[in-house]
Amino acid sequence: MNEYLKLDLLTLAQLSQDAGKPIDDALYLKSLHKADQDGLLFECRKQGLLQGYFTLRKLDESTWFIPMFVVHPQYRNKVVLTSLFTQLARFIRKNSVQNLFSNVFRNNTLSVNFHQRLGFVITRENELEYEFQLTINEKVNTQWKHLEKDR
C-alpha cells in the first residue's frame, strides 16, 4: 500500500497542503487497505510499475463514490486513462451504477477540468472543494461504449 501512498503524495501533497488539508498518511493507508479488501482498488501497471489507480466506495445500491483517482504525472496518457476507464466502465455495467460522486479541491484545476470534460457536474461546493456527480445516462453510455469491449 505504500506504493499507492507514494503516488498520492507525489500528485496531491502540495495541493492538499495549499488547500489547508494536508494528507494524513495513516488515514490514506486505511482507506486503501479497505478498498483493496473489498475488491474496489483498480490499477494500471506497466512492467510492474504503478502508473495510476482509482478506488470506489459504495454509497447505496446504485450510487458510488470515487475517493481516489490518481495518475502519475509521467503517465497521463491515452493508454493509462483508457485502462483505468475500461475498468470503471465494466464496473459500472456489472454493478448497475446510476450515479458516481467525487470530491475535488478547488485548487486542483487539472482535476476540476477533467471531471467537467467527462460530464460530471458540480452538485455542492464549499470554500475548499467541489462535489461532482456523474449520472450514468444514455449520453454517458454512448461516450463510454467503446470501453466496454473485452480486451
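This is a predicted model, so every value here is computed, not measured.
At least one side-chain heavy atom of Q87 sits under 4.5 Å from a side-chain heavy atom of L84. Put simply, the side chain of I92 does not reach to within 4.5 Å of the side chain of V140, judged on heavy atoms. When side chains are defined from C-beta on, H115 does not count as touching I122, because their heavy atoms never get closer than 4.5 Å. For the pair R76/L110, a side-chain contact is recorded, criterion being any heavy-atom separation below 4.5 Å from C-beta on.
Considering CD1 of I66 and CG of L56, their distance stands at 6.0 Å, rounded to 0.5 Å. In this structure, W64 CH2 and I136 CD1 are separated by 13.0 Å, a value rounded to the nearest 0.5 Å. Taken from CE in M68 to OG1 in T55, the straight-line distance is 6.5 Å, to the nearest 0.5 Å. Atoms CG and CD, on L10 and Q74 in that order, are 8.5 Å from each other to the nearest 0.5 Å. To the nearest 0.5 Å, the span separating CG on N103 from OG1 on T123 amounts to 8.0 Å. Atom CG of L29 sits about 9.0 Å away from atom CG of D24, to the nearest 0.5 Å.
Of all heavy-atom pairs spanning R57 and L40, the tightest one is CA-CD1, 4.5 Å. Across every non-hydrogen atom of D36 and M1, the tightest pair is OD2-CE, 3.6 Å. Residues I23 and S16 come closest through the heavy atom pair CG1-OG, 3.6 Å. Shortest non-hydrogen contact noted between L15 and N107 is O-ND2, 3.1 Å. Between G48 and E3, the shortest heavy-atom distance links the atoms O-OE2, 4.0 Å. Of all heavy-atom pairs spanning S102 and F120, the tightest one is CB-CE2, 4.4 Å.
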| task | List the steps, then state whether side chain to side chain contact (heavy atoms under 4.5 Å, CB included) holds for L134 with L118. | result | CA-CA 8 Å; L134 179 67; L118 290 171; 5.5 Å; no
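F42 and F54 have parallel rings, their planes meeting at less than 30° on a 0 to 90° scale where 60° marks the start of perpendicular.
Between the side chain of S31 and the main chain of L27, no donor-acceptor pair closer than 3.5 Å is present. Remark: the backbone N or O of T82 is paired with a side-chain donor or acceptor of T86 at under 3.5 angstrom. Checked by atom type and distance alone, the side chain of N95 never pairs as donor or acceptor with a backbone atom of V97 at under 3.5 Å. The backbone N or O of F101 sits nowhere less than 3.5 Å from a side-chain atom of E131 that would complete a donor-acceptor pair.
Under the 6.0 Å cut-off for aromatic ring centres, F69 and F85 qualify, their centroids lying closer than that.
Side-chain heavy atoms closer than 4.5 Å link hydrophobic residues (I, L, V, M, F, W, Y) into clusters, and following such links, possibly through other members, connects L9 to L41.
Under a cut-off of 6.0 angstrom, the local environment of CZ in R106 is crowded, with over 12 non-hydrogen atoms contributed by other residues, nucleotides or ligands.
D8 and Y53 are linked by a side-chain donor-acceptor pair at a separation below 3.5 angstrom, with hydrogens and angles left out of the test.
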